[in-house]
Amino acid sequence: MIKPSAAQLLEGLNEPQRRAVEVASGPVLVLAGAGSGKTRVLTHRVAFLIAAHGVRPHEILAITFTNKAAGEMKERIESLVGPIARTMWISTFHSACARILRKEAQSLGYQRNFTIYDAADQVRLVRRCLKELNLDDKRFPPRGIHAVISSAKNQLIGAEEFAGMTEDFFDDTVAQTYRLYQKMLFANNAMDFDDLMVRTVELFQNFSDRLEHYQSAFHHILVDEYQDTNHAQYTLVNLLGREHRNICVVGDDDQSIYSWRGADVRNILDFEKDYPEAVVIKLEQNYRSTQTILTAANHVVGHNQDRKSKELWTELGTGDPVTVTELDDEHAEARYVAGEAMRLQQDEGYRPQDIAVFYRVNAQSRVLEDILVRYGMAYRVVGGTKFYERAEIKDAVAYLTVIDNPADSVGFGRIVNSPKRGIGAATVASLTRFADAEGLTMTAAAARAGDIADLRTAAQKSLAAFSGLLRRLAETAGKSPVAETLDEALTASGYIEALQAERTIEAEGRIENLMELVGVAEEYDRRAAGEGSLSQFLQEISLYTDIDKLAETQEALTLMTLHNAKGLEFPAVFIIGAEEGIFPHSRSLEEQNLEEERRLCYVGMTRAMKRLYFCYTTTRNLYGGRSYNMASRFLGEIPDELLRFESKAGPSRVGGGSSFIGLQPDDTGIDEAAGGGGDTASFFSVGDKVVHAVFGDGMVTGVERGGTVAVRFVDGSERKLMVDYAPLKKK
DNA sequence: GAACGCCGTGTTTTT
DNA sequence: CACGGCGTTC
């Protein structure tokens, strides 16, 4: 590899980009508009620090928003400065803090193998706290309580402090729960996501030698997406940067879309107040989109009051108008998107992976997916139900977690009766009482099952067996790589066996997922080359999300929420559901968060390189009912001359009419007289060979109530179909 | 103890 | 509508 010289690192940069790379010391604020070459600036800046100023890579801390962004940055810097880049700290706030805390946990009274609870675990624990406090979870919904606790933590308000500032009964209850929640986390040797930051700040505030150590270690700090930092993260950056004051933050106040998660846009707006000597650089030349798209996006976000003025421009030319299409309903919308995506490929040479569809909420992907499957178009959904949130994966991970951290009672609760081994709620309650009374962890209490007087012998036996299983697994873990431990856990526990016994496609899918997890573990073992540990593996995957492994090369359309789209770009972008109540979301209207919705719209629009489409529908089925929405106000904020409007909405069709492509009811071979979805399913019986107009050959695997049959098709998929409507024939 | 089904309930975005 | 919690039944 030929390393570029310092001078070469500046080549090809525009003037402000160049300055952002060159200014080596002191605080720097880079206001980087969408598509303005921000990543380029960041990577070149780091390379320049190393090449021109002799900064050593391990003295640089670079914070990104996602693991994916971190990985990309690492790769790009490595291609500039070589493998030495690997000693840099490039990670998310969460990973960086986790790494620090692994080392320093003992100062805080934690053990270094602490477990990181994800959102579901956190809510579970809150629910348990509520139960223990005898609070009604109807009046105090665990999710809501957790949200309040989380936002307090984001502002570095601890349980005691929170208790001192409550104003009403509800807050008092939250305070009580917060206290217990924190106590339980500690007892479980566990932290939630927020704790990673909070505890790190705590460490630095209480142990000045630790703070000094890290302060002097990091000569340069870079923070990407600074507009999305919360108060805890802000504090962290300022603590760490206080000594050298070489803090470079990059962001765009117009792209601040995470205030609901505690992000505080003032962090970026006030940077110049925090650091009066800061050099401020604006990147406004855009290298991604056509001028039409940029002007449209500028107009939309220009309706916000609270922003630093900024105007994107480009040399890429005018381009096509923004297409706005009105449709009947969400099905028509999906068909339109699929059809237009196909046309773009056939007529204009787009590849599937060049096209993305963005929506406001995950639920919107379903209809779209249905249509795409029917049209035989490949797609991938980013986000949605994530791999690590699937029940079987959480179970498998819980086995590892409990082996690694026997104090983790949340994980213990997950696996104690999964697979079913006759340890029900009553037994677990006795076990919990016993553990509390004796001051033991659940794991340790289970090992003394025989001593629990109020358990029947059968329950004692089951518990003892489970405890033995855990002990054996812990032994395996002590001397084997992670993948082997996992494999052993899944086999010895009978987990896989139980799934196999189900003999369903779903269970097979679960087994496949588990095998994929084993693959992830194998990969880890290879990478760690004997240096790895179960704790470290668990930490890695607990901070891993699906967007991180988005591979661009697949020949498929990309579907994702607008939030997930941040930082990405696509030649053609569809934004669907551009309707009042959907986008902007009804809840944001109630909460006066319209400006953030508008920024979200701005983010979505500026992902598009060449073609941008908006769709809205006149009627939409939502939450079980039908709603009639108006077109999104954001569309009205785009000047007409930039738009091409078309309406494909007809007068409302009475009687509905099947909208399946090219199928007449007569083709189905079903006795129409039966009608009504009641008994028609009896026309089919299990084992029948059938043929479906779209999915091809299949076999009936089940007949259900409501005129539904389950059919397994040759492609391996299993679907539930309404016999009255599905184009299904007996063969 | 487990499986089933009812009912009520809440529905944004996620490291 | 879809999910989860909870009570009922086996």
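Hydrogens, waters and symmetry mates are skipped; everything else that's a heavy atom, side chains included, is used. Per chain, numbering begins at 1; letters A, B, ... match sequence-line order.
The shortest distance between the side-chain N/O atoms of A:Asn362 and the OP1/OP2 oxygens of B:dT14 is below 4.0 Å. Taking side-chain N and O atoms only, A:Asn564 has no distance below 4.0 Å to OP1 or OP2 of B:dT13. In terms of phosphate contacts, A:Arg366 brings a side-chain nitrogen or oxygen within less than 4.0 Å of OP1 or OP2 of C:dA2. In terms of phosphate contacts, A:Asn621 brings no side-chain nitrogen or oxygen within less than 4.0 Å of OP1 or OP2 of C:dC1. Residue A:Arg127 places at least one side-chain N or O under 4.0 Å from the OP1 or OP2 atom of C:dG5. Between A:Thr561 and B:dT14 there is a side-chain N or O to OP1 or OP2 distance below 4.0 Å. Considering only side-chain N and O atoms, A:Asn593 lies nowhere under 4.0 angstrom from the phosphate OP1 or OP2 of B:dT13.
Under the 30°/60° scheme for interplanar angles, the aromatic rings of A:Phe114 and A:Tyr110 are found to stand perpendicular.
Of the candidate nucleotides B:dT15, C:dA2, B:dT14, B:dT15 has the atom lying nearest to any side-chain atom of A:Thr66. Of the candidates B:dT13, B:dT11, B:dA2, the closest approach to any side-chain atom of A:Val361 belongs to B:dT13. Set against C:dC6, B:dA2, B:dT13, the side chain of A:Asn417 has B:dA2 as its closest nucleotide. The side chain of A:Phe193 approaches B:dT15 more closely than any other nucleotide in the set B:dT11, B:dT14, B:dT15.
In this structure, A:Asp118 reaches neither bases nor backbone, as no heavy-atom distance under 4.0 Å exists between it and the strands shown. A:Ala119 comes within contact range of no nucleotide atom at all, as no heavy-atom separation falls under 4.0 Å. Residue contacts shown for A:Thr427 are limited to sugar-phosphate atoms, with no base heavy atom under 4.0 Å away. Residue contacts shown for A:Arg599 are absent, as no nucleic acid heavy atom lies under 4.0 Å away. As judged by a 4.0 angstrom heavy-atom cut-off over every strand, A:Phe93 is placed among residues making no nucleic acid contact.
Counting only residues at least two apart or on different chains, the side chain to side chain donor-acceptor pair (under 3.5 Å) pairs with a member in residues 147-158 of chain A are A:Ser150-A:Asp194, A:Lys153-A:Gln182, A:Lys153-A:Asp192, A:Lys153-A:Asp195, A:Asn154-A:Asn230.
If you find the closest nucleotide of DNA chain B to A:Lys420 and to A:Glu597, the one lying nearer the 5' end belongs to A:Lys420. Comparing A:Leu600 and A:Gly422 against DNA chain B, the residue whose closest nucleotide sits nearer the 5' end is A:Gly422.
When only modelled atom types and interatomic distance are considered, A:Tyr214 and A:Glu104 share a side-chain donor-acceptor pair under 3.5 Å. For the 3.5 Å distance criterion, the side chains of A:Thr401 and A:Arg414 fail to qualify, holding no donor opposite an acceptor. Under 3.5 Å, the side chains of A:Glu330 and A:Asn621 contain a donor-acceptor pair of N or O atoms.
Of the P atoms belonging to B:dT13 and C:dG4, the separation is 15 Å, rounded to the nearest Å.
Rounding to whole angstrom units, CD of residue A:Gln364 and P of C:dA2 are separated by 15 Å. A straight line from CG of A:Leu431 to P of B:dG1 spans 12 Å, rounded to a whole angstrom. Atom C1' of nucleotide B:dT15 and atom CG of A:Asp121 are separated by 14 Å, given to the nearest angstrom. The separation between A:His585 atom NE2 and B:dT13 atom P is 7 Å, rounded to whole Å. Look at CD on A:Glu389: it is 11 Å from P on B:dT13, rounded to the nearest Å. The CZ-C1' distance, from A:Phe65 to B:dT14, rounds to 7 Å in whole Å. Going from atom CZ of A:Arg620 over to atom P of C:dC1 covers 16 Å, rounded to whole Å. If you measure from atom CZ of A:Arg360 to atom C1' of B:dT14, you get 12 Å, rounded to the nearest angstrom.
Within the 4.5 Å cutoff, the side chain of A:Ile63 has heavy atoms near those of the A:Leu61 side chain.
Judged by distance alone, with hydrogens and angles left aside, A:Trp260 brings no side-chain donor or acceptor close enough to the base of B:dT12 to form a pair under 3.5 Å.
Among residues two or more places apart in sequence or in another chain, the salt bridge (charged side-chain N to carboxylate O under 4.0 Å, His left out) test is passed with A:Arg102 by none.
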